[in-house]
There are 2 protein chains.
Amino acid sequence: MSEFDVIEKVFAPLAGDGAFGLKDDAALLPPYVLSKDVLVVGVHFLPSDPPDLVARKALRVNLSDLIAKGCQPQAYLLGCVWRSDTPTEAIQRFGEGLAHDQARFGLALLGGDTTSGPLNVISVTIIGVPINQQPVLRSGARPGDKVLVTGTIGDGFLGLEAAREDRLADPAIVRSYQLPAIPWGAQEATARYATAALDVSDGLVADAEHLAQASGVDLHLWAERFPLSGHGEAAREAGRLAELITRGDDYQVLLTVPPHKEHKFQAALPADVTATPIGEVVASDGRGTVIVHDENGSPVKFDRQGWDHFKD
Amino acid sequence: MSEFDVIEKVFAPLAGDGAFGLKDDAALLPPYVLSKDVLVVGVHFLPSDPPDLVARKALRVNLSDLIAKGCQPQAYLLGCVWRSDTPTEAIQRFGEGLAHDQARFGLALLGGDTTSGPLNVISVTIIGVPINQQPVLRSGARPGDKVLVTGTIGDGFLGLEAAREDRLADPAIVRSYQLPAIPWGAQEATARYATAALDVSDGLVADAEHLAQASGVDLHLWAERFPLSGHGEAAREAGRLAELITRGDDYQVLLTVPPHKEHKFQAALPADVTATPIGEVVASDGRGTVIVHDENGSPVKFDRQGWDHFKD
């Protein structure tokens, strides 16, 4: 079974009120919204990553969920498994990273668990409150809505590749993998104007498909509009666009807004957060598919839609 | 640094309101109480343990925290790391175990995260509500209070030993390690009458010390009163009492009650839950120590006070 099959077949039947059938990235426990992400060494971060950045990434991959749900983050619980040979200094630097991003994002540590084991695992449960009464779900996109994505796409993947291959990589691109530049502040505009949203963690195409399926709509995306950094543009020119939009680790927000609200949405974003229109929502025959068009309007084909933790 | 040093020096300075300085097993986020425990294969369960029992144990080690805090459990979030070669059937059986204990204890699955990695890790964040307005903390014990512990002590350790050594062990004792018999229903009596409480996960002596230190009192415990099963009695006769009370994995509740309320506390327990008086709270010089007396009244010495995840 794939990761998504496991969730749908094994865990979704166990879900209670507020769980949204486990089809969203967050749960509602009034007045709070909760989200939980687990990071495993070698999967979500590398053993060589600086411990303070691992800590900040662990917070940020959870923060991006709450931003996408239009929630103001408030507190978190932290579960850590440390390899028994982890130096004290590494744990201290991990704590410094937490302190840094706690201050930056107004978070408080509420509790958790610390244990030792054969390898390092970080589990964060983050808690926030909806800015506009209810969290923004994946399921509210309507035909005619515009599709936007914050920041740039593909840098996390390029940064991971650079870090793994240990070549003389540009530190800036490695950094965008180690410390995702989440669209902080976009939670306000998302809460007010988005009809549907989720964070891009599995890959732009895969997460667009999650949104399309939950909303019962199709998404038409235009590849030439995808926001790319300089490194991303270079990779696109090298024919690697498919990797940029299917490999995940972006932690940006993909969202839909009614066309007449796009201007207000943009105006409500902080000055340092960009959101790029990349496509439209159209009526579906029911399955919820995503079609990426190239510069000629032809559909692009992919070997894989995104990152699936059970297949990769 | 030990596990407790790490919590005190690195994480406690990061704690916010409701975290009780990370000195308790639960956090207060009104109107909820949250607790989080992480289980790692090879540390908290064995690769050979039946997956449905691993699931139920993951819930129970969290439930015991809420019972000790006098809270009614309500829901949980689940983070799983699965080894990529985990058979589908094992994950399905894990789901069956969750379903079983969800029904038994009135829990709903709220959300979580599923990922793959080099080994199996289960992280549960459990959420409940205080039965008597506030959670019962470690810090409320007062001189003159009686010290009680639910159930029996040491069976988890004996069961782990039996399971590890793979000999022709009594299945009942292996089971008490795989599936802790938590004192379900004791949350009501604990909420109403206990001055302090915590669950016994690190070992009776170590957890008694946690309570003593948090309350600023000393505890005098009487070894001959410790509640033991038949297997526990046999181990005590073989001179292994120290192991029974220092190795942990009990998931019973250690609590203090004023002497005049002990009768009411006992009367409020469900018929199938026992609580045994094992000692008294006395005034401390400030450090908070635990003295275990043998049958002659002499203090017993231990090599170790309990299970410390960073030293073992």
Side-chain angles (χ1 to χ4, degrees), chain A residues 1 3 6-7 9-11 13-20 22 24-27 29 32 34-44 74-75 77-82 84 88 91-92 94-95 98-99 102 107-119 121 123 125 127 309-310 312, chain B residues 1 3 6-7 9-11 13-20 22 24-27 29 32 34-44 74-75 77-82 84 88 91-92 94-95 98-99 102 107-119 121 123 125 127 309-310 312:
Chain A
M1 283 198 286
E3 174 189 355
V6 164
I7 293 171
K9 291 183 186 155
V10 178
F11 296 120
L14 305 173
D17 284 349
F20 307 117
L22 305 188
D24 229 290
D25 302 302
L29 181 78
Y32 302 105
L34 294 91
S35 185
K36 184 183 181 94
D37 268 335
V38 179
L39 286 83
V40 184
V41 69
V43 181
H44 303 90
Q74 188 168 317
L77 289 97
L78 176 71
C80 293
V81 183
W82 298 104
S84 358
T88 295
I91 302 180
Q92 282 167 333
F94 184 87
L98 293 178
Q102 278 191 209
L107 285 173
L109 175 60
L110 254 191
D113 190 23
T114 299
T115 186
S116 70
L119 87 179
V121 178
S123 163
T125 299
I127 302 152
H309 280 290
F310 280 77
D312 286 287
Chain B
M1 281 199 288
E3 175 189 355
V6 164
I7 293 171
K9 292 186 185 153
V10 178
F11 295 120
L14 304 173
D17 284 349
F20 306 117
L22 306 186
D24 229 291
D25 302 302
L29 182 77
Y32 302 105
L34 294 92
S35 185
K36 184 184 182 95
D37 267 336
V38 179
L39 286 82
V40 183
V41 67
V43 181
H44 303 89
Q74 187 168 318
L77 289 98
L78 176 70
C80 294
V81 182
W82 297 104
S84 359
T88 294
I91 302 180
Q92 283 166 333
F94 184 87
L98 293 178
Q102 279 191 206
L107 284 173
L109 175 60
L110 254 192
D113 190 23
T114 299
T115 187
S116 71
L119 87 178
V121 178
S123 163
T125 300
I127 302 152
H309 280 291
F310 280 76
D312 287 288

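Chain identifiers are assigned alphabetically (A, B, ...) following the order of the sequence lines, protein sequences preceding nucleic acid strands; residue numbering begins at 1 within each chain.
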Is it the backbone or the side chain of [X] that comes under 4.5 Å from a heavy atom of chain A, or both, or neither?
{"X": "B:Val38", "value": "both"}
{"X": "B:Leu39", "value": "neither"}
{"X": "B:Phe20", "value": "neither"}
{"X": "B:Leu77", "value": "both"}
{"X": "B:Leu110", "value": "both"}

Spatial distance of atom CG (B:Leu29) from atom CG (A:Leu34) [nearest 0.5 Å]: 8.0 Å
Straight-line distance of B:Phe11 CZ to A:Asp113 CG, nearest 0.5 Å: 10.5 Å
Can you tell which part of A:Asp17 gets under 4.5 Å to a heavy atom of chain B, answering side chain, backbone, both or neither? backbone
Side chain proximity check, A:Thr115 to B:His44, heavy atoms < 4.5 angstrom: yes
Select, from B:Ala26, B:Ala108, B:Ala27, the one with the greatest count of heavy-atom pairs under 4.5 Å involving chain A. B:Ala27
Chain A: which of B:Ile127, B:Thr125, B:Val40 shares the most heavy-atom pairs with it under 4.5 Å? B:Thr125
Residue selection (most heavy-atom pairs with chain B, distance under 4.5 Å) from A:Pro13, A:Ser123, A:Gly112: A:Ser123
Could you walk me through whether B:Leu78 and A:Leu14 satisfy the side chain to side chain contact (heavy atoms under 4.5 Å, CB included) test, starting with their C-alpha distance in whole Å, then the side-chain angles of each, then the deciding distance to 0.1 Å, before giving a yes or no? CA-CA 11 Å; B:Leu78 176 70; A:Leu14 305 173; over 6 Å; no
What are the two closest heavy atoms between B:Ala19 and A:Leu109, and how far apart are they? CB-O, 3.5 Å
